[in-house]
Amino acid sequence: MRDNKWLAEQLDHIHSTYFADVPIENTILVRFGRESRTRFGSIIAKPTAGYRLPVTYITINSLFKDETVPEYVIQGTLLHEFAHYAHGFHSPLKQKYRYPHKGGIVNREIRTRGAGDILKLQTRWIKDVYRDFLKSKDLL
């Protein structure tokens, strides 16, 4: 069953497999958010009661709870959001770039870390299947 606990396990796997050299300097909470046709995920840091540092929240499209969505689509989204964390966007880490997406830095980071195959699979699914998936949910 895909729930927030499952997402946390997926993020732990992404971190330990592809970003093990990136220190986790604050609390990261990953969760399913609202349904969206266009946004797969987001990352934000905000002060949260009971935490010394701002908490980083990674939110994943709740449409991805549907088990017909391949795991690699969610993994690709988590890779994307964690690349932002590693680059210092919405994390206590030093910011490496001025803009979070300019020049394809996120995809380049993912490929450099050996997860380009996940990115390719995700891109192919988006191109070939996502529109029909949205239609099946009456979202198009």
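In this text, all values refer to a predicted model and were calculated from it rather than measured experimentally.
The shortest side-chain heavy-atom distance between Tyr18 and Ile110 does not fall under the 4.5 Å cut-off. Leu7 is listed as a side-chain neighbour of Asn4, based on a closest heavy-atom distance under 4.5 Å. A 4.5 Å side-chain heavy-atom check between Phe89 and Ile43 finds every atom pair outside the cut-off. Side chains of Glu71 and Gln10 form a contact here, defined as non-hydrogen atoms less than 4.5 Å apart. Inter-residue side-chain proximity for Lys120 and Tyr72 is flagged as unmet; no heavy-atom pair is nearer than 4.5 Å. Side-chain contact between Ile28 and Asn26 is present, with at least one heavy-atom pair separated by less than 4.5 Å. Between Glu81 and Leu11, every side-chain heavy-atom pair lies at or beyond the 4.5 Å cut-off. Inter-residue side-chain proximity for Leu93 and Pro23 is flagged as met; some heavy-atom pair is nearer than 4.5 Å.
Among Val30, Val73, Ile118, the one residue that satisfies the side-chain contact (heavy atoms from CB on, under 4.5 Å) test with Leu78 is Val30.
Judged by distance alone, with hydrogens and angles left aside, the side-chain atoms of Thr56 form a donor-acceptor pair with the main-chain N or O of His90 at under 3.5 Å. The closest donor-acceptor contact from the side chain of Arg131 to the backbone of Leu140 lies at 3.5 Å or more, if one exists at all. Without hydrogens or angle criteria, His84 side chain to Ser91 main chain gives no donor-acceptor distance under 3.5 Å. A donor-acceptor contact shorter than 3.5 Å is absent between the side chain of Arg37 and the backbone of Leu134. Using modelled atom types, one side-chain atom of Ser62 and one backbone atom of Glu35 make a donor-acceptor pair closer than 3.5 Å.
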Problem set entry | Test log, rule side-chain contact (heavy atoms from CB on, under 4.5 Å), inputs Asp21 and Arg113 | CA-CA 10 Å; Asp21 62 313; Arg113 291 180 173 277; 2.7 Å; yes
For this session: Step by step, work out the side-chain contact (heavy atoms from CB on, under 4.5 Å) result for Phe40 and Gln122.
Result: CA-CA 11 Å; Phe40 284 20; Gln122 181 191 41; 4.0 Å; yes
Problem set entry | Trace of the side-chain contact (heavy atoms from CB on, under 4.5 Å) decision for Trp125 with Val69 | CA-CA 9 Å; Trp125 185 85; Val69 175; 4.2 Å; yes
Exercise. Taking it one step at a time, do Asp66 and Lys137 satisfy side-chain contact (heavy atoms from CB on, under 4.5 Å)?
Worked result: CA-CA 10 Å; Asp66 185 322; Lys137 301 288 185 189; 2.5 Å; yes
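Under the 4.5 Å side-chain heavy-atom criterion for grouping Ile, Leu, Val, Met, Phe, Trp and Tyr, Val129 is connected to Ile126 within one hydrophobic cluster. Note: the hydrophobic cluster containing Ile24 does not contain Leu29 (ILVMFWY, side chain heavy atoms under 4.5 Å, direct or indirect links).
When every heavy atom of Ile74 is checked against every heavy atom of Trp6, the shortest pair comes out as CD1-CH2, 3.7 Å. Nearest heavy-atom pair, Val22 versus Phe82, reported as atom, atom and distance to 0.1 Å: CG1-CE2, 4.0 Å. Nearest heavy-atom pair across Pro70 and Arg2 is C-NH2, 4.1 Å. Minimum heavy-atom separation, Phe133 to Leu63: CZ-O, 3.7 Å.
By the 6.0 Å and 45° rule, Lys46 stacks over the aromatic ring of Tyr57.
For Arg39, the CZ atom counts as loosely surrounded, since its 6.0 Å shell holds 12 or fewer non-hydrogen atoms of other residues, nucleotides or ligands.
Taking the centre of each ring, His101 and His87 stay at or above the 6.0 Å mark.
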